[in-house]
Amino acid sequence: PHNLFLKYIKFFLRIYRTAFLFFIFLSIVHSQDSLRLVSLYNSMDGPNWINNTNWLSDLSIAEWYGITVQDSAVTAIELPRNQLSGQMPDDIGQLTNLEILNLSDNDLSGKLPVSLKNSVKLKSLDLSHNEIVGNPVNIFYNANNLISLDLSYNNFDGRIPKDLGKLTQLEVLNLSNNNFQNNIPIEIFRLQNLIELNLQNNSLTGSIPRQIGNCKNLQILDLSRNKLTGNIPKEIGKLKNLTQRLALDHNNLSGLIPKEISLLSNLQYIWLNNNKFSGILPFEIGKMKSLRSLFIYRNNFVGPIPSTI
């Protein structure tokens, strides 16, 4: 009985030590995360935010406005439309348990901090409607859990990073209304889970890659207001889930409209206006029963419009 008693004591001591060490670990994580939030507050003009309730107070960081905490670690920062300004702090990427970061509709400037590459648990990143500059190359190559990436309405420039094509979980990619240039990298079209691809209003050149047919879950494809040339690839007809919008307007696209476009039987909106398309509209377009809007003006089409449209 004496030996059995000693075994129980040792067993409970081990459990107690493990629990104690885990508590110390959580305390360290909590302390480090709070310091990084203080850095964020100071870097982005916290005193002038619309809502900074409980920030820098003695309350738990879980009580700070816009912050979500799980197991003592910050998992979400959501401060949209909150009058943040300045540059994102360099150490924001040290919040390694962060899953959601939403700083949209603010007045952020400067480049993305390189440390963001450490935020490998990110699932949703929304930095839209700011004044961020530079190029996001080498920032997201490890973000394998990212589902939604919205960098729209900023001042990013240069090439669209090829490493975005490694984000196999990505469902939403919105890079619209920036200054991205050169060709659309074909690596983007490896993202078979994409539901929305929006590259509207950049300075993209070259043709629409035929690999676009790989993105069979797309519901929205918007490449409008760029400088794209060439034909619409017939592989467009493989996008059977394209239901909401096909926007290719305001480019320099030319040639005939492929009849395969009529295979998108559930598509509601097709915008092809302000291009250099020619020839006759495919008769099959008239069989697209879900079609609500077809814009084809300011092209070089000839012949009749199908009577069933």
Side-chain angles (χ1 to χ4, degrees), residues 19-156 167 174:
F20 178 74
L21 291 174
F22 184 65
F23 174 77
I24 294 295
F25 170 75
L26 291 180
S27 298
I28 292 172
V29 170
H30 186 274
S31 175
Q32 290 176 339
D33 282 5
S34 64
L35 289 174
R36 283 154 191 153
L37 291 179
V38 170
S39 175
L40 183 148
Y41 183 87
N42 290 330
S43 297
M44 297 195 284
D45 197 23
N48 290 311
W49 293 356
I50 294 173
N51 191 338
N52 57 10
T53 302
N54 294 333
W55 276 74
L56 307 193
S57 71
D58 293 332
L59 294 174
S60 165
I61 56 176
E63 302 297 322
W64 295 12
Y65 172 74
I67 301 301
T68 302
V69 173
Q70 186 174 353
D71 295 330
S72 296
V74 174
T75 56
I77 302 176
E78 297 173 275
L79 298 169
R81 298 174 295 281
N82 201 38
Q83 209 165 291
L84 281 65
S85 62
Q87 192 165 351
M88 297 171 65
D90 290 336
D91 57 355
I92 193 170
Q94 303 307 318
L95 295 165
T96 52
N97 290 289
L98 200 60
E99 296 181 2
I100 298 172
L101 179 58
N102 185 351
L103 304 178
S104 61
D105 288 276
N106 283 293
D107 194 23
L108 302 183
S109 57
K111 296 182 178 181
L112 291 180
V114 177
S115 69
L116 266 180
K117 67 183 180 182
N118 299 319
S119 301
V120 296
K121 294 185 179 181
L122 267 181
K123 295 180 180 179
S124 176
L125 176 62
D126 189 350
L127 301 176
S128 61
H129 295 268
N130 281 288
E131 299 293 333
I132 303 172
V133 300
N135 188 281
V137 67
N138 296 330
I139 299 289
F140 301 111
Y141 64 91
N142 280 328
N144 297 321
N145 294 299
L146 205 56
I147 295 173
S148 177
L149 176 60
D150 191 346
L151 303 179
S152 61
Y153 290 91
N154 278 284
N155 293 314
F156 292 109
L167 308 182
N174 190 342

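Between Asp107 and Asp45 there is no side-chain heavy-atom pair separated by less than 4.5 Å. Considering only heavy atoms from C-beta on, Ser115 comes within 4.5 Å of Gln94 through its side chain. Using a 4.5 Å heavy-atom cutoff, the side chains of Asn82 and Asn106 are in contact. Counting only heavy atoms from C-beta outward, the side chains of Arg81 and Ile50 never approach each other to under 4.5 Å. Pro113 places a side-chain heavy atom less than 4.5 Å from the side chain of Leu116. With contacts defined as side-chain heavy-atom distances shorter than 4.5 Å, the pair Leu40/Leu95 does not qualify. Counting heavy atoms from C-beta on, the side chains of Asn52 and Tyr65 never come closer than 4.5 Å. Contact check for Leu112 versus Phe156: side-chain heavy atoms found under the 4.5 Å cut-off.
For the atom pair Glu63 CD and Trp55 CH2, the distance stands at 13.5 Å (nearest 0.5 Å). With rounding to the nearest 0.5 angstrom, the OG atom of Ser124 is 9.0 Å from the CG atom of Leu149. Between the OG1 atom of Thr68 and the CG atom of Asn97 there is a distance of 13.0 Å, given to the nearest 0.5 Å. Residue Asn174 holds its CG atom at 8.5 Å from CG of Leu151, rounded to the nearest 0.5 Å. Between the CD1 atom in Ile77 and the CD1 atom in Ile61 there is a gap of 9.0 Å [rounded to 0.5 Å]. Separation of atoms CG (Asn130) and CE (Met88) is listed at 9.0 Å; rounding is to 0.5 Å.
Contact record, Thr96 with Asn118: CG2-O, 4.0 Å, taken as the closest heavy-atom pair. Residues Gln87 and Gly110 come closest through the heavy atom pair CD-CA, 3.9 Å. Contact between Asp91 and Arg36 at its shortest, heavy atoms only, is OD2-CG, 3.8 Å. The two residues Leu56 and Trp64 make their nearest non-hydrogen contact at N-CZ2, 3.6 Å.
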Stepwise side-chain contact (heavy atoms from CB on, under 4.5 Å) test for Asp33 and Leu37: CA-CA 6 Å; Asp33 282 5; Leu37 291 179; 5.5 Å; no
side-chain contact (heavy atoms from CB on, under 4.5 Å) between Leu103 and Met44, intermediate numbers included: CA-CA 11 Å; Leu103 304 178; Met44 297 195 284; 4.2 Å; yes
Test log, rule side-chain hydrogen bond (donor to acceptor under 3.5 Å, both in side chains), inputs Lys117 and Asn142: CA-CA 6 Å; Lys117 67 183 180 182; Asn142 280 328; over 6 Å; no
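Asn102 contributes no side-chain N or O that, together with a main-chain N or O of Pro80, makes up a donor-acceptor pair within less than 3.5 Å. The backbone N or O of Leu127 sits less than 3.5 Å from a side-chain atom of Asn154, completing a donor-acceptor pair. Put simply, the side chain of Glu78 never gets that close to the backbone of Ile100: no donor and acceptor are under 3.5 Å apart.
Atom CG of Asp90 has 12 or fewer heavy atoms from other residues, nucleotides or ligands within 6.0 Å.
Pairs of residues two or more places apart, or lying in two chains, never qualify as salt bridge (Lys or Arg N to Asp or Glu O under 4.0 Å) while including a residue from residues 126-153.
Classified by interplanar angle (parallel below 30°, tilted 30° to 60°, perpendicular above 60°), the ring pair Trp49/Tyr41 is perpendicular.
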